[in-house]
Amino acid sequence: MKEYFKNVPQVKYEGPDSTNPFAYKFYDADRIIHGKPMKEHLKFAMSWWHTLCAGGGDPFGSPTMDRSYGESSPMAIAKAKVDAGFEFMTKMGIEYFCFHDADIAPAGESFAETKDNLNKIVDYIESKMKETGIKLLWGTSNCFNHPRFMHGAGTSCSPESFAYAAAQIKNALDATIRLGGSGYVFWGGREGYETLLNTNMALELDNMARLMHMAVDYARSKGFKGDFYIEPKPKEPTKHQYDFDSATVLGFLRKYGLDKDFKLNIEANHATLAGHTFEHELCVARINNAFGSIDANQGDPHLGWDTDQFPTDVYSATLAMLEVIRAGGFTNGGLNFDAKVRRPSFEFDDIAYAYISGMDTFALGLIKAYEIIDDGRIDTFVRERYAGYESGIGKEITDGKATLESLEEYTLTHPEPEMKSGRQEYLESIFNSILFK
């Protein structure tokens, strides 16, 4: 069989002192950390779209990467991507992948032909999964690229576009279920608006919820036991996205009774575009029992769009992994690299370098997060900071026994509250001392 990543060997752990560019310095898949292997803590997944399809094009330049894999017909290219993807995952030791329907199979002249193309490629992917043991983390449908979705999909003003999106989602769900995926993602690429002058927001939100209920009902009727995810995404390409951030999505899910089936798939770059930190979005999901999965990447703070760079910020990764650990770790979700190599990084070797860097970043983040927890000083400080709610008037408040009248009486009979320092700088010093030791 043709080899696509010819220069990439089987990538193995060699430790922090290694200078081998094709070796992990921190990701030791079988290393036991707090009772389970590192690979189970992280559940790394390859993104089909950015890894195998992205050609390096941007609004100011044509593609710089040949992603035809030496083929010319659309179906031959799609099949070659399967070969290349499974070769890459096998060499990297990556056990999961994620896909959009349009990533894995080309569109046909009709919807029926598109459906047939998808089924044929799913057949081939299924054979590769059986051969390698690699698993599907989650699937999704691309309901944003085609002009038919210019006004959105579930939120489109066109019922015909809504119906087309529903049909696509049905087939993407069928593929996800058939391949044993443990999740299905709704990524609202164009579910938003440019101006309220032409927008019926109430109808659009109602319709988006209707589509999600249809998807849940259909998938459950087919025996799907996994999670559904919404991936919060602010602005870009529309001025306002209905799935702006974690808090916004949670409000939507609760309003429409979808919160029992849906969790959140949090992306780092989307968090920063919403004006939040990655760990903030993860924390909001966690404390609302809605943490599900992660799209790992990072953005450029000097650019105002979704650059989807491979994550290399260990500080951010450590804070993120603290939230994952506090959430109890991944169950059906995992850590998918929704990241692409830079436009000038056009060789296949660059994809391997990028994944090694990203996987090492989160491996080190996991190691350091557990060191911070084991050290205990930060958690102890936080616990002591709120200790007042464990007794006296504080416990009356948290137990729901306090009233405005009782709190007024307390205030009248007690001195001015004594404030204590938040010690932010001290805690940051502890964090750094653990991170860099």
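The analysis underlying the following values was restricted to heavy atoms, covering all of them including side chains, and did not include hydrogens, waters or symmetry mates.
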Would Glu267 and Asp308 satisfy side chain to side chain contact (heavy atoms under 4.5 Å, CB included), going step by step from the backbone distance to the final call? CA-CA 9 Å; Glu267 178 178 314; Asp308 287 336; 3.2 Å; yes
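- For Thr380 (side chain) and Arg377 (main-chain N/O), no donor-acceptor pair under 3.5 Å exists by modelled atom type.
- Surrounding NE2 of His151 are at most 12 heavy atoms belonging to other residues, nucleotides or ligands under 6.0 Å away.
- A donor-acceptor distance shorter than 3.5 angstrom exists from the side chain of Thr361 to the backbone of Pro311, with no hydrogens or angles considered.
- Counting non-hydrogen atoms of other residues, nucleotides and ligands closer than 6.0 Å to CG of Leu196 gives a total above 12.
- For Tyr24, the ring pair (Phe, Tyr, Trp, His ring centres under 6.0 Å) partners two or more places apart in sequence, or in a different chain, are Tyr27.
- With Glu113 contributing its side chain and Ala107 its backbone, the two residues share no donor-acceptor pair below 3.5 Å.
- With 3.5 Å as the limit, one finds no donor-acceptor pair spanning the side chains of Thr90 and Glu87.
- At least one side-chain heavy atom of Tyr315 sits less than 4.5 Å from a side-chain heavy atom of Leu435.
- Side chains of Asn200 and Tyr193: no donor on one and acceptor on the other come within 3.5 Å.
- Counting only heavy atoms from C-beta outward, the side chains of Ile169 and Phe186 approach each other to under 4.5 Å.
- Judged by distance alone, with hydrogens and angles left aside, the side-chain atoms of Arg343 form a donor-acceptor pair with the main-chain N or O of Gly56 at under 3.5 Å.
- Considering only residues two or more places apart in sequence or on other chains, Glu428 meets the side chain to side chain donor-acceptor pair (under 3.5 Å) condition with Gln424.
- Atom CZ of Phe346 is surrounded by 12 or fewer heavy atoms from other residues, nucleotides or ligands within 6.0 Å.
- Cation-pi geometry between Lys135 and Tyr96 is met: the NZ or CZ atom falls under 6.0 Å from the ring centre, inside 45° of the normal.
- Contact check for Met150 versus Arg190: no side-chain heavy atoms found under the 4.5 Å cut-off.
- Remark: the Ser47 side chain and the Asn336 side chain contain no N/O donor-acceptor pair separated by less than 3.5 Å.
- Ile294 places a side-chain heavy atom less than 4.5 Å from the side chain of Leu282.
- Between Phe5 and Phe88, the angle of the ring planes lies from 30° to 60°, which puts this pair in the tilted group.
- Aromatic rings from Phe149 and Phe144 are positioned such that their centres are separated by 6.0 Å or more.
- With rounding to the nearest 0.5 Å, the separation of CG in Leu319 from SG in Cys283 is 11.0 Å.
- Residue Ile367 holds its CD1 atom at 14.0 Å from CD1 of Ile434, rounded to the nearest 0.5 Å.
- The two residues Leu303 and Thr307 have their closest heavy-atom pair at CD1-CG2, 3.8 Å.
- Using modelled atom types, one finds a donor on one side chain and an acceptor on the other under 3.5 Å when comparing Asp245 with Thr248.
- Nearest heavy-atom pair, Gln241 versus Thr238, reported as atom, atom and distance to 0.1 Å: OE1-OG1, 2.7 Å.
- Ring to ring, Phe337 and Tyr355 are close: their centroids are under 6.0 angstrom apart.
- Tyr218 OH to Lys170 NZ: the interatomic distance, rounded to the nearest 0.5 Å, is 3.5 Å.
- Of the possible donor and acceptor atoms, none in the side chain of Ser161 sits under 3.5 Å from a partner among the backbone N and O of Ser156.
- The six-membered or imidazole ring of Phe86 lies near that of Phe97, with a centre-to-centre distance under 6.0 Å.
- Atom NZ of Lys115 is surrounded by 12 or fewer heavy atoms from other residues, nucleotides or ligands within 6.0 Å.
- For the atom pair Tyr69 OH and Leu52 CG, the distance stands at 4.5 Å (nearest 0.5 Å).
- Inspection of the Asp243 and Trp187 side chains reveals no N or O donor paired with an N or O acceptor under 3.5 Å.
- Between the side chain of His41 and the backbone N or O of Ile33, at least one donor-acceptor pair lies under 3.5 Å.
- Heavy-atom neighbours of Tyr389 OH from other residues, nucleotides or ligands within 6.0 Å: at or below the threshold of 12.
- Taking the six-membered ring where the residue is Trp, the centroids of Tyr164 and His146 are separated by 6.0 Å or more.
- At distances below 3.5 Å, not a single donor-acceptor pair connects side-chain atoms of Ser357 with backbone N or O atoms of Ala354.
- The closest side-chain heavy-atom distance from Asp350 to Met65 is not below 4.5 Å.
- Going from atom CD1 of Ile325 over to atom CD1 of Ile373 covers 4.0 Å, rounded to the nearest 0.5 Å.
- Relative ring orientation between Phe228 and Phe262 is described as tilted, the plane-to-plane angle lying within the 30° to 60° band.
- Between Phe26 and Phe362, the distance from one ring center to the other does not fall under 6.0 angstrom.
- In this structure, Lys368 contributes its side chain and Thr318 its backbone to no donor-acceptor pair below 3.5 Å.
- For Thr312 against Gln298, the heavy-atom pair with the smallest separation is N-OE1, 2.9 Å.
- Side-chain contact between Ile230 and Tyr242: absent, with no pair of heavy atoms (C-beta onward) separated by less than 4.5 Å.
- Here the closest heavy-atom approach between residue Ala339 and residue Asn297 is recorded as CB-CB, 4.0 Å.
- A side-chain donor-acceptor contact under 3.5 Å links Arg220 to the backbone of Phe224.
- Around atom NZ of Lys36, more than 12 heavy atoms belonging to other residues, nucleotides or ligands sit under 6.0 Å away.
- The nearest pair of heavy atoms linking Lys235 to Leu273 is CE-O, 3.3 Å.
- Between the Asp360 side chain and the Lys25 main chain, a donor and an acceptor come within less than 3.5 Å of each other.
- Contact annotation: the side chain of Val82 approaches that of Trp48 to within less than 4.5 Å [non-hydrogen atoms, C-beta and beyond].
- The pair Lys2-Glu71 does not meet the salt-bridge criterion, since no charged nitrogen lies less than 4.0 angstrom from a carboxylate oxygen.
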Assess whether side chain to side chain donor-acceptor pair (under 3.5 Å) is satisfied between Trp49 and Asp338, documenting all intermediate values. CA-CA 8 Å; Trp49 53 102; Asp338 185 12; 2.8 Å; yes
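- How far CD of Glu204 is from CZ of Phe162: 11.5 Å, rounded to the nearest 0.5 Å.
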Show your working on side chain to side chain contact (heavy atoms under 4.5 Å, CB included) between Met212 and Phe252 and close with a plain yes or no. CA-CA 11 Å; Met212 291 178 179; Phe252 169 83; 3.7 Å; yes
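- A 4.5 Å side-chain heavy-atom check between Ile94 and Met359 finds at least one atom pair inside the cut-off.
- Atom CZ of Arg342 has more than 12 heavy atoms from other residues, nucleotides or ligands within 6.0 Å.
- Nearest heavy atom pair, residue Pro21 against residue Tyr353, reads CB-CE2, 3.7 Å.
- In this structure, Lys79 does not pair ionically with Asp83, as no charged nitrogen and carboxylate oxygen lie closer than 4.0 Å.
- Applying the side chain to side chain donor-acceptor pair (under 3.5 Å) test to Lys43 and every residue at least two apart in sequence or in another chain returns nothing.
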